[in-house]
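As structure tokens, the structure follows; a few thoughts come after it.
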Amino acid sequence: MATTVVSTTCTMDCPDACALQVTVTGGRIAKISGGTESSNGHPNTNGYICDKIQRFDRRVYHADRLLYPMRRSGPKGSGRFTRITWDEAFSEIVARFQDVIARYGAEAILPYHYGGSNGMLGNGFLDSFFFARLGASQLARTLCAAPASEVSMGMYGKMPGVAYEDYPAAKCIIIWGANPKVANIHLMPYLRQAKRNGAFITSVNPVDNFSAQEIDLHIPVYPGADLPLALAMINYWRENGQLANDFLAAHTDGAETLLEEAARWPIERAAAAARVNASDIVTLARRYAELSPAVVRVGWGPERNLNGGQAIAAIMAMPALMGKFGLRGGGYTFSNSGAAKIDTKQIFGDVPWTTRTINMSRIGQVLMDDPGDRISPPIRAMFVYNVNPVATAPDQNRVIAGFSREEVFTVVHEQVMTDTCLYADILLPSVTFFEQYEIKRGYGSYIVGGVQPVIEPCGEARSNEQVFAELGRRMGFRDEPFTWDTETCMKKVAESFVMHGRPADPAPLFSGQAQTYDFPGKTPTQFGNAMPQNAERKAHLTPAGLGPHPYEYHPVESAEYPLALISPSNSKMISSTMGEFNYPELFVTLNPADAASRRILEGSLVRVFNELGEVVCRANLSERLRAGVAAIPKGAWRKSSRNGQTSNALSPAHVNVVAGGACYNDARVQVELA
Ligand code: SF4
């Protein structure tokens with residue numbers, strides 16, 4: 001049997017955007033390995049990848065893989081489907097969409113999608129063009145990163161952040177609300193090198209993810225209380241006359257509002273709110289002030305609550321307040337996706353899409369016509385792709401109720417039979433990234449990676465751009481983009497990419513190679529060769545997106561449900577991807593003190609509950625999780641719990657004032673023996 005090794009790029013929702021070398025024998029994936037600079041042109045994969053993707057073949061060839069289109073043949077949720085042809089599937093979708101448009105108008109159709117684990121062709125490309133032409137409702141994509149993106153854009157215009165490769169130059173590193181050990185593994189060698197170089201490293205996180213050899217200080221912040229902690233540090237610097245006043249005068253505005261709010265947070269008050277030692281806050285504030293270069297790795301953990309956007313803003317303002325920019329290894333790292341830009345107007349022309357916007361975090365309430373979420377026209381058709389909302393959207397029971405409504409015609413385009421697929425009227429099989437051409441923009445690693453097919457599509461699976469091109473033609477749209485094949489789409493994207501102001505070289509992207517940046521130089525220095533990407537080239541320290549009461553703190557407390565529930569990323573799944581096989585049994589993690597007061601032992605069967613739902617699962621006890629907090633892994637599928645409910649059955653559907661972001665970590669719960 002012939003064996004080949006194919007270069008490509010991982011498209012998963014992960015900052016690293018790894019280079020891959022995939023061995024294919026007899027047309028089947030035999031081995032998945034990490035690429036290198038010499039094999040793939042990627043600067044920091046360095047030949048290793050995570051376990052999840054090393055065994056991604058388990059998803060590709062899984063028994064639950066969707067291989068052909070299907071029509072529902074039982075009640076919604078029953079999982080009963082009958083095979084149909086693509087022609088039948090398209091005909092039915094078009095007929096049902098046209099019927100909905102005739103009865104309610106096109107706004108009654110909602111595209112429901114996410115993009116983290118997709119490239120540029122599969123998300124926000126022909127799909128958006130199709131729904132804009134249709135006049136469908138728009139979707140506010142708020143499950144992750146919405147408040148943080150709003151803040152990052154408003155404050156620095158998404159300025160490129162400190163590259164992983166420059167962390168060894170830093171003398172002070174704060175890992176705030178992130179766990180690079182499972183969700184950014186290629187940062188770890190650079191962190192270890194920084195430690196060997198003598199850097200002072202702190203992790204701010206309710207979970208202690210590091211050993212004493214790896215970091216110097218762990219601050220176990222209470223979920224949602226990152227804002228007072230950050231404000232207290234800022235106030236400490238203000239009171240001690242340590243602020244970088246010259247830098248602030250020359251390169252920023254909006255500092256007064258932030259400092260005014262910070263003045264309300266003396267160390268002791270913040271320590272009480274964040275439930276941490278006051279002395280630890282002082283230690284961190286002092287070391288950050290003394291040591292340069294200093295870098296903050298800002299994670300997405302602090303944003304998933306009512307105070308999330310405000311907390312991210314206060315954290316991201318720190319390097320400006322303390323004049324930490326301008327040095328290699330100094331500043332912050334957040335999402336680097338803004339370093340590469342593609343102007344879809346150049347590709348599609350100016351296509352107005354001015355319809356109403358629905359917040360995806362409230363899909364259950366919207367579909368159920370709940371008071372406050374009732375809309376006219378109601379949603380009567382959905383096209384769900386690149387996302388598994390029944391497992392991942394807040395208030396799971398309301399989401400299930402909404403997806404169960406017979407009057408909402410639902411199409412799902414997916415790779416495997418997810419929790420959401422069970423509620424589809426029409427199921428369409430999707431390729432995985434090993435079966436398609438794509439272009440992946442790294443949001444951690446500074447690369448744009450080419451993705452090429454490693455194997456033939458499984459069964460009758462099709463890519464997003466193929467599906468939306470055909471749907472456009474079948475809906476009778478005569479626009480040229482609906483005639484494009486995948487190669488044309490690749491060319492359109494590759495030729496429009498601008499990487500930090502320079503056009504990308506399209507050629508490597510067609511052969512699975514990575515294209516690197518020139519800032520000039522391989523990596524950016526903030527306020528050096530990379531400036532804020534806004535007209536003023538300034539940091540706006542109180543961005544307008546923070547709303548009318550910027551930096552105001554709103555604690556979330558409940559006497560009845562005393563534990564804060566978090567759902568951290570883990571080593572088994574990327575969001576919910578691979579939950580079909582990689583997380584067979586759900587556990588809730590508790591601090592031993594919280595468990596003891598409830599007579600819960602390691603392995604006890606427990607109920608985790610609040611007013612929204614309950615999760616029945618086994619308990620896992622760990623000193624690494626702070627007291628007062630329970631943790632259930634992010635993205636688990638319903639089948640992994642004893643009663644079909646997962647952490648999102650307990651997550652409220654209220655949203656952050658900043659960009660309407662989901663507030664998963666505002667869940668408050670009680671736990672007892674089942
Ligand atoms: S998921 Fe992340 S670490 Fe794993 S292979 Fe993909 S990019 Fe690399």
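Counting starts at 1 for both ligands and their atoms, following the listed order. In this chain, numbering begins with 1 at the start of the sequence shown.
- Which parts of ligand 1 touch Cys50 is read off a 4.0 Å heavy-atom cut-off, strictly below it: atoms 1 (S), 3 (S), 4 (Fe), 5 (S).
- Applying the 4.0 Å criterion to heavy atoms of Ile53 picks out, from ligand 1, the atoms 1 (S), 4 (Fe), 5 (S), 6 (Fe).
- At a threshold of 2.8 Å, atom 4 (Fe) of ligand 1 has no backbone or side-chain N, O or S atom of Cys14 nearer than that distance.
- Near Ala17, meaning under 4.0 Å from one of its heavy atoms, ligand 1 places the atoms 7 (S).
- Between Phe56 and Phe434, the ring-plane angle classifies as perpendicular under the 30° and 60° cut-offs.
- Using a 3.5 Å distance cut-off with no hydrogens or angles, the side chains of Arg624 and Asn205 do not pair a donor with an acceptor.
- With hydrogens left out, the protein atom closest to atom 6 (Fe) of ligand 1 is Cys10 SG, 2.4 Å, a heavy atom.
- Each of His218, Lys181, Lys195 was scored for a side chain to side chain contact (heavy atoms under 4.5 Å, CB included) with Phe210, with one residue passing: Lys181.
- Heavy atoms of Ile574 found under 4.0 angstrom from ligand 1 belong exclusively to the side chain.
- Summary of contacts: the protein heavy atom closest to atom 8 (Fe) of ligand 1 is Cys18 SG, 2.3 Å.
- Residue contact check: Ile49 has heavy atoms under 4.0 Å from atoms 5 (S) of ligand 1.
- Using cut-offs of 30° and 60° for the angle between ring planes, the Tyr517 and Phe519 rings count as parallel.
- Considering Asp16, Thr523, Thr333 in turn, Asp16 is the only one that fulfils the side-chain hydrogen bond (donor to acceptor under 3.5 Å, both in side chains) rule with Tyr164.
- Taking the six-membered ring for Trp and thresholds of 30 and 60 degrees, Tyr48 and His186 have nearly parallel ring planes, at less than 30 degrees apart.
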